[in-house]
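What follows is a set of notes on a single structure, which appears directly below.
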There are 2 protein chains.
Amino acid sequence: MTKRNVTKLTTVTSGPKSGGSDTDRLVDELRRRIVTNQMPPGSRIRENELSEEFGVSRSRVRDAFGILEERGLIERIPNKGAVVMRLEADSFLELFDVREVLEGLMVRLATQNTEPEYWDDLINLFGADLEKAVENNDFNAYMAAIAQFRQTCIEAAGSGTLRGLLDDIYDRVLSMTRRLMLVPGRASEGFRQHQGILRAMQEGDAEKAERLKRENIRSARQWFLKYNDFLL
Amino acid sequence: MTKRNVTKLTTVTSGPKSGGSDTDRLVDELRRRIVTNQMPPGSRIRENELSEEFGVSRSRVRDAFGILEERGLIERIPNKGAVVMRLEADSFLELFDVREVLEGLMVRLATQNTEPEYWDDLINLFGADLEKAVENNDFNAYMAAIAQFRQTCIEAAGSGTLRGLLDDIYDRVLSMTRRLMLVPGRASEGFRQHQGILRAMQEGDAEKAERLKRENIRSARQWFLKYNDFLL
DNA sequence: GCCTAAAATATTGTTGACAATATTATCGGC
DNA sequence: GCCGATAATATTGTCAACAATATTTTAGGC
């Protein structure tokens, strides 16, 4: 868990540039292409192509595929090859269920472990500027803020085990969030919900924060159900 | 996620014998040795040794190590080798936290998805015979029953995503459960708690089942805190 | 023109050899 | 005898060639 997850974490937080081995770089880049739909679900990916493109041996590509498979981002069929995993409506709903309890736990632990002032920066970030940005459909700004929120919470929660599980589903959550954001009204609702959660966290009310976070995911689930014809 | 997890699941449920590729067999056997403390935490494991012992090439061993690392069972230090991951007290407590919410979700979904008679066999299993076995410290019987409970619930929950996350922590949970069972009084308490959960599930009361399951894990956590000097 | 069989091609799976790195043993100086 | 430098060994990291398998193309019969 430890080493690889640390590598992954720094990637997630500090952007696409990342250190580590050739294999790690490959994993990061492929991950990026998959979640940005540059490689849409069902795409076949050939070991040779990537090997040439990145100037590494096929063995590295193979190792990367192994990791990506373990993470559920690609599917490997023996002697046939690897394809980007398809995201079915069912699995989206499943994802909401686990997000609800895991992210709820995340904010509860984070609240318990911190002093009120820990949240000042984040509360500032989720202020008037961001609200205006959300109203103007500046999704990149909102996505970045959400990523920051997540990252800060995970750190405060201080549980490597929880972090590992959240990382496991991170890519799928990301792709889901990106889509859901397009639904008119969802982004601003999510924004207000995050404000509420942050207030509860600053007040040190862990139970309330957990409840609000769970409501946040539940309402996202509702929006998804309503609009899933457009989203899938 | 899909393919590999399916392989893993069948392994967990249907015992050490298992199909798949050389790599899969290796993963299973190493997993077994680690959770049974045949390879205690901190043990160094050499690629060559295993390659010879199993009569496979070092590449297969290498692949297996990659999977084991991803699952958090071993730690790989570049150019130094692989060692069995150490389990610290902190990580045990973390494990209880995530178990609480995930297994709570598991029984809630399982209850929602099933008819009362679905639980007949399991309620029978958690009957007078097993109670006597627990009183007589027949831990193997109890462990088997718990595994059955877990397996049946996961199937009923019907969420591949949840299953994947539970599988992720399964090995650590197992090693924790085995130890905790030795604490006088814990096993019989756990037994009664499972009876209560099963009753709630048969009654179709999903909320109650979830609450009881969470209490079950919380009480296990209490016992662990009290006796952790002996358990670690 | 269309279906089937077989050859040609492309792609993944596996291996053993070699390079890079870390660990251990040896030797000389003090 | 103890310490440090260097050589010897062991172990992991990487790769390119080869084998196994699947896919596509071609050829032939009807």
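Not measured: the values here are computed from a predicted model. In what follows, every chain begins at residue 1, and chains take the letters A, B, ... in the order their sequences are listed.
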Taken to the nearest whole Å, CZ/B:Arg76 to C1'/C:dA22 is 16 Å

So CZ of B:Arg108 and CG of B:Asn113: to nearest 0.5 Å the spacing works out to 11.0 Å

For A:Leu105 and B:Asp97 the tightest heavy-atom approach is CD2-O, 3.7 Å

Enumerate donor-acceptor pairs with a distance under 3.5 Å from any side-chain N or O in residues 137-147 of chain A to protein atoms, sequence neighbours excluded.
unit_1   : atom_1 : unit_2   : atom_2 : d
A:Asp138 : OD1    : A:Asn140 : N      : 3.4
A:Asp138 : OD1    : A:Ala141 : N      : 3.3
A:Tyr142 : OH     : A:Phe191 : N      : 3.0

- Message: Under the criterion salt bridge (Lys or Arg N to Asp or Glu O under 4.0 Å), I'd like the reasoning laid out for B:Asp168 against A:Arg71: C-alpha separation, chi angles, the key distance, then a yes or no.
- Response: CA-CA 11 Å; B:Asp168 256 11; A:Arg71 293 209 190 136; over 6 Å; no

In whole angstroms, the gap separating C1' of D:dT12 from CG of A:Asp63 amounts to 13 Å

To the nearest angstrom, the CG-P distance between B:Asn48 and C:dT23 comes to 17 Å

In whole angstroms, the gap separating C1' of C:dT12 from CZ of A:Phe65 amounts to 10 Å

Rounded to whole Å, CD1 of A:Ile45 lies from P of C:dT12 at a distance of 9 Å

From the list B:Ile217, B:Val173, B:Leu165, side chain to side chain contact (heavy atoms under 4.5 Å, CB included) partner of B:Leu102 resolves to B:Leu165

>> A side-chain contact here means heavy atoms from C-beta on lying under 4.5 Å apart; do B:Tyr227 and B:Arg179 qualify?
In response: no

For a quick check under 3.5 Å, do A:Arg186 and A:Ser219 share a side-chain donor-acceptor pair by atom type? yes

Report yes or no: does B:Thr36 contribute a side-chain atom to a donor-acceptor pair with the main-chain N or O of B:Arg32 at less than 3.5 Å? yes

Check nucleotides 6-9 of chain C against the protein and report each pair of N or O atoms closer than 3.5 Å, with its distance, or say if there are none.
none

Could you list, one pair per line, each protein nitrogen or oxygen that sits under 3.5 Å from a nitrogen or oxygen of nucleotides 15-25 of chain D, together with the distance?
unit_1 : atom_1 : unit_2  : atom_2 : d
D:dC15 : OP2    : A:Ser57 : OG     : 3.1
D:dT23 : OP1    : A:Lys80 : NZ     : 2.9

Whole-Å distance, A:Ile77 CD1 to C:dT12 P, equals 11 Å

